[in-house]
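Taking it in order: structure first as structure tokens, then the write-up.
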Amino acid sequence: TPLQNSLSEFYSCV
Amino acid sequence: MFEALLGNGLILKKIIESIKELVTEVNFEVTSEAISLQAMDASHVALVVLVLRASEFEEYRCDRPQTLGVSITNLAKLLKIAGNDDSIILRAEDEAHVLTLVFTGKNNEKMCEFNLNLLTLDSEHLGIPEQEYSAEVTMSSSEFSRICRELTQVTDTLNLSVDKESVKFAVSGDIGTGSITMKANNSDKSEEKLILNVSDTVSMAFALRYLNLFNKASSLSDEVVLSLSPEVPVVLKFAFDLGELKYFLAPKIAE
């Protein structure tokens with residue numbers, strides 16, 4: 001089954 | 001002082017219903033230009049971005065920018081009390097501890113006023129770059145909602161593939177596999193129409209559970225715009241008169 005990514009892997013927190 | 005009058009209160013009821021299962025406590029930023037919010041769901045997989053333009057309210061005043069920490073759960077409870085035809089006023093003093101909500105019936109026959117206690121919340125603001133997407137799909141929001149709901153019966157993951165001619169919604173589960181393919185067309189029937197703007201073919205996987213939650217916003221807009229690029233979150237955009245509601249969802253990756 002595919003793993004769900006997390007948004008923080010794509011965008012940095014500001 | 002912040003005060004905004006919305007003649008069509010139903011739209012606010014729909015907006016809050018569309019986000020309450022994803023985010024429970026959020027910071028609303030109010031400025032002279034807009035009411036906005038950006039919040040991630042608890043598992044940091046999905047993001048809600050809402051912008052309501054000041055110019056679209058019947059009356060709008062914001063003397064100084066302010067952050068209003070709101071329990072969406074409790075706001076939803078209060079908005080349930082507002083009638084579908086009611087106008088809604090949102091009001092907060094400077095450095096407010098409460099958000100005042102006033103619901104007024106169409107013929108001024110009834111007025112409800114509530115003070116919702118505000119919260120102090122840490123905000124996790126993500127820096128989302130403006131980007132060009134490989135593929136953009138514009139289609140009927142109710143049709144997309146129906147496809148997601150129906151395919152959820154097969155499995156929990158939607159494989160979405162877009163090329164220049166068509167979009168394919170594919171699933172694979174214990175009971176078998178299947179797909180729904182829709183070709184780009186400019187039908188007069190809004191539920192059939194599908195506009196593709198594709199520079200590169202994309203194929204990605206997403207959790208249907210989240211897409212189903214996003215699709216609650218289909219009551220706000222007849223159309224949904226899906227923006228896809230490989231290995232970045234998909235964006236679902238629902239635009240309406242008052243502003244727009246966007247959802248970001250991180251893709252699933254193969255183990």
Side-chain angles (χ1 to χ4, degrees), chain A, chain B residues 22-23 27 29 38-49 122-131 133 154-160 170-174 203-211 213-214 227-236 246-255:
Chain A
T1 52
L3 285 174
Q4 183 76 53
N5 284 49
S6 154
L7 279 174
S8 50
E9 291 169 42
F10 300 98
Y11 305 126
S12 55
C13 287
V14 291
Chain B
L22 277 165
V23 291
N27 279 327
E29 307 290 340
Q38 184 191 309
M40 268 188 284
D41 81 302
S43 58
H44 290 201
V45 163
L47 175 75
V48 177
V49 177
D122 291 332
S123 62
E124 289 174 292
H125 232 72
L126 293 179
I128 303 163
E130 281 287 320
Q131 73 168 91
Y133 286 90
V154 181
T155 184
D156 59 358
T157 302
L158 175 68
N159 295 292
L160 197 54
V171 286
S172 168
D174 294 341
S203 187
M204 300 168 72
F206 299 100
L208 277 164
R209 190 172 81 81
Y210 284 94
L211 296 176
L213 290 175
F214 302 166
S227 300
L228 299 127
S229 274
E231 294 170 20
V232 300
V234 61
V235 187
L236 269 72
K246 289 198 282 192
Y247 300 93
F248 293 71
L249 177 63
K252 287 186 157 195
I253 47 158
E255 261 178 287

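Atom set for the values below is all heavy atoms of this structure, side chains included, hydrogens, waters and symmetry mates excluded. Letters A, B, ... are given to chains in the order of the sequence lines, protein chains preceding strands, and every chain is numbered from 1.
- Interface remark: of the candidates B:Leu47, B:Thr155, B:Leu126, B:Leu249, B:Leu126 forms the most heavy-atom pairs closer than 4.5 Å to chain A.
- Of all heavy-atom pairs spanning A:Leu7 and B:Ala46, the tightest one is CD1-C, 3.4 Å.
- Between A:Gln4 and B:Ala250 the shortest heavy-atom distance is NE2-O, 2.6 Å.
- By the side chain to side chain contact (heavy atoms under 4.5 Å, CB included) test, B:Met204 pairs with B:Phe206, B:Leu228, B:Pro251, sequence neighbours left out.
- Two residues are said to be in side-chain contact when any heavy atoms from C-beta on lie closer than 4.5 Å; B:Ile253 and A:Pro2 fail this criterion.
- Heavy-atom contacts from other residues, nucleotides or ligands closer than 6.0 Å to CD of A:Glu9 number more than 12.
- Between A:Tyr11 atom OH and B:Phe248 atom CZ the span is 5.5 Å, to the nearest 0.5 Å.
- For B:Val48, the side chain to side chain contact (heavy atoms under 4.5 Å, CB included) partners are B:Ile19, B:Leu22, B:Val23, B:Leu37, B:Leu245, B:Tyr247, not counting sequence neighbours.
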